[in-house]
Amino acid sequence: MTRMTQRRQVTRVDGGVPLARPDTLAVEEPMEIRVNSQPVSITMRTPGHDLDLALGFLVTEGVVHDPEDVAAAISCADNVVDVTLRGEAGLTPRNFYTSSSCGICGKSSIDAVRTTSAYDVASDPIAVSSSFITGLPDRLRAEQRVFDRTGGLHAAGLFDNSGDLVCLREDVGRHNAVDKLVGWAVQQKMLPLRGHVLQVSGRASFELVQKAVMAGISVLAAVSAPSSLAVQLADETGLTLIGFVRGQSFNVYAGGQRLSP
């Protein structure tokens with residue numbers, strides 16, 4: 001877990017009594033993403049799986065539509081990843097900074113927020129049962145190794161329709177965790193991710209729905225609430241959006257036809 005965590009001396013107050021003790025923190029550092037040696041974005045992230053993060057970011061931003069678009073991806077300096085693309089890169093103008101809390105803060109216009117996917121998630125015939133969905137949060141939590149040490153990371157897990165965990169990524173930013181997962185799929189040449197379910201550890205925002213759609217994922221489940229715009233986008237694209245997956249209950253906000261008994 002190189003540089004994903006950092007030890008620091010803190011003061012813990014328990015019952016009004018201060019006590020000096022060491023604590024483990026999740027690392028947050030900037031990373032620059034370049035395309036064909038040109039700066040595209042700087043994102044705040046937890047180091048680790050940086051190539052995945054860069055590739056996933058380019059997919060969910062609509063720059064990369066197919067794994068074959070990528071000629072090479074290298075860490076060319078500390079906290080810098082350069083991705084070389086084949087052909088033309090259809091880059092959307094961006095400010096060069098996004099925070100770990102928001103993956104769309106660098107968009108230069110409201111129109112640029114909506115990105116058209118190369119994949120039709122509405123046609124994915126995947127069906128999932130209630131027991132399948134309710135079991136996802138515990139299975140995701142059981143694999144969150146860095147969260148166990150810090151309590152400070154979001155997680156995104158990709159499950160196949162047999163219920164097997166295919167990939168899990170953690171990051172201080174929920175959107176980064178998803179991008180890392182999508183970037184892993186790019187390197188495995190698995191896009192589009194039809195027949196898979198994405199489980200996230202937090203809420204389901206517009207940006208997470210958009211990222212799922214851009215990767216060809218047709219089912220997104222979250223342990224917390226979706227936003228109104230997330231539900232609207234799920235409706236428009238045919239994505240199944242599930243929230244408040246806790247215990248034996250959950251809410252289906254869109255795409256309920258994929259739920260089987």
| field | Derivation of the side-chain contact (heavy atoms from CB on, under 4.5 Å) call for Leu85 and Val64 | value | CA-CA 8 Å; Leu85 300 182; Val64 170; 3.7 Å; yes
| request: Dump the intermediate steps for salt bridge (Lys or Arg N to Asp or Glu O under 4.0 Å) on Arg21 and Asp14, then the final yes or no. | output: CA-CA 12 Å; Arg21 53 166 284 183; Asp14 189 352; over 6 Å; no
| message | Working note: Arg194 + Ser123, criterion side chain to side chain donor-acceptor pair (under 3.5 Å); need CA distance, chi angles, decisive distance, verdict. | response | CA-CA 9 Å; Arg194 291 170 63 86; Ser123 65; 3.1 Å; yes
| message | Apply side-chain contact (heavy atoms from CB on, under 4.5 Å) to residues Arg45 and Asp50 and explain how you reach the verdict. | response | CA-CA 9 Å; Arg45 97 303 188 197; Asp50 286 347; 2.7 Å; yes
| message | As a quick check of understanding, evaluate side-chain contact (heavy atoms from CB on, under 4.5 Å) for Leu153 and Val172, giving each step before the final call. | response | CA-CA 5 Å; Leu153 292 182; Val172 288; 3.5 Å; yes
| request: Could you go through the side-chain contact (heavy atoms from CB on, under 4.5 Å) check for Thr116 and Met214 one step at a time? | output: CA-CA 7 Å; Thr116 302; Met214 294 299 291; over 6 Å; no
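Within the 3.5 Å criterion, the main-chain N or O of Asp160 finds no donor-acceptor partner in the side chain of Asp164. No side-chain donor-acceptor contact under 3.5 Å links Arg169 to the backbone of Ala177. Side-chain atoms of Ser201 come within 3.5 Å of backbone N or O of Ala155 as a donor-acceptor pair. Panel note: side chain His175, backbone Gly173; no donor-acceptor pair is recorded below 3.5 Å. Under a 3.5 Å cut-off, the side chain of Ser117 and the backbone N or O of Tyr119 do form a donor-acceptor pair. Panel note: side chain Asp52, backbone His49; no donor-acceptor pair is recorded below 3.5 Å. Between the side chain of Ser260 and the backbone N or O of Val128 there is at least one donor-acceptor pair closer than 3.5 Å. In this structure, the side chain of Arg12 does not engage the main chain of Val17 through any donor-acceptor pair within 3.5 Å. Counting only distance, with no hydrogens or angles, the side chain of Thr5 and the backbone of Ala26 share no donor-acceptor pair below 3.5 Å. Here the side chain of Asn79 pairs no donor or acceptor atom with the backbone of Glu29 at under 3.5 angstrom.
Contact between Leu55 and Gly183 at its shortest, heavy atoms only, is CB-CA, 4.0 Å. Contact record, Leu241 with Ala204: CD1-CB, 3.9 Å, taken as the closest heavy-atom pair. In this structure, Val166 and Trp184 approach most closely via the heavy-atom pair CG1-CH2, 3.3 Å. When all heavy atoms are compared, the tightest approach of Ala230 to Phe206 is CB-N, 3.7 Å. Ala222 and Gly202 get closest at one heavy-atom pair: CB-O, 3.3 Å. The two atoms that bring Leu239 and Val213 nearest to each other are CD1-CG2, 3.9 Å, heavy atoms only.
For the pair Val70/Thr84, no side-chain contact is recorded, criterion being any heavy-atom separation below 4.5 Å from C-beta on. In this structure, the side chains of Arg203 and Pro226 stay at 4.5 Å or more apart for every pair of heavy atoms.
The only option from Thr240, Thr237, Asp124 that meets the side chain to side chain donor-acceptor pair (under 3.5 Å) definition with Ser218 turns out to be Asp124.
Between Arg34 and Glu32 there is a salt bridge, since at least one side-chain N of the basic residue sits less than 4.0 Å from a carboxylate O of the acidic one. Using a cut-off of 4.0 Å between Lys/Arg side-chain N and Asp/Glu carboxylate O, Asp23 and Arg7 are scored as not salt-bridged. The pair Asp138-Arg246 does not meet the salt-bridge criterion, since no charged nitrogen lies less than 4.0 angstrom from a carboxylate oxygen. Using a 4.0 Å cut-off between charged side-chain N and carboxylate O, Lys189 and Glu68 make a salt bridge.
Separation of atoms CZ (Phe159) and NE2 (His196) is listed at 11.0 Å; rounding is to 0.5 Å. Here the NZ-CG distance, from Lys180 to Asp171, works out to 4.0 Å after rounding to the nearest 0.5 Å. Expressed to the nearest 0.5 Å, how far CD of Glu143 lies from SG of Cys167 amounts to 11.0 Å. Considering CG of Leu181 and CD of Glu170, their distance stands at 12.0 Å, rounded to 0.5 Å. Leu193 contributes atom CG, which lies 5.0 Å from atom CD1 of Ile217 (distance to the nearest 0.5 angstrom). Atom-to-atom distance recorded for Asn251:CG and Phe244:CZ is 6.5 Å, nearest 0.5 angstrom.
Placement of Leu191 and Leu51 within a single hydrophobic cluster is found when ILVMFWY residues are connected by side-chain heavy-atom separations under 4.5 Å, directly or transitively. Residue Leu136 is grouped with residue Phe250 when hydrophobic side chains (ILVMFWY) are merged at heavy-atom distances under 4.5 angstrom, including chains of intermediate members. Leu165 and Met190 fall into different hydrophobic clusters, where Ile, Leu, Val, Met, Phe, Trp and Tyr are joined by side-chain heavy atoms under 4.5 Å apart, directly or via other members. One hydrophobic cluster holds both Leu208 and Leu198 under the rule that ILVMFWY side chains link at heavy-atom gaps under 4.5 Å. In the hydrophobic cluster analysis, where Ile, Leu, Val, Met, Phe, Trp and Tyr join through side-chain heavy atoms closer than 4.5 angstrom, Ile74 is grouped apart from Val80.
For Gln257, the CD atom sits in a packed shell: over 12 heavy atoms of surrounding residues, nucleotides or ligands are nearer than 6.0 Å.
Under 3.5 Å, the side chains of Ser131 and Ser129 contain a donor-acceptor pair of N or O atoms. Side chains of Asp82 and Ser37: a donor on one and an acceptor on the other come within 3.5 Å.
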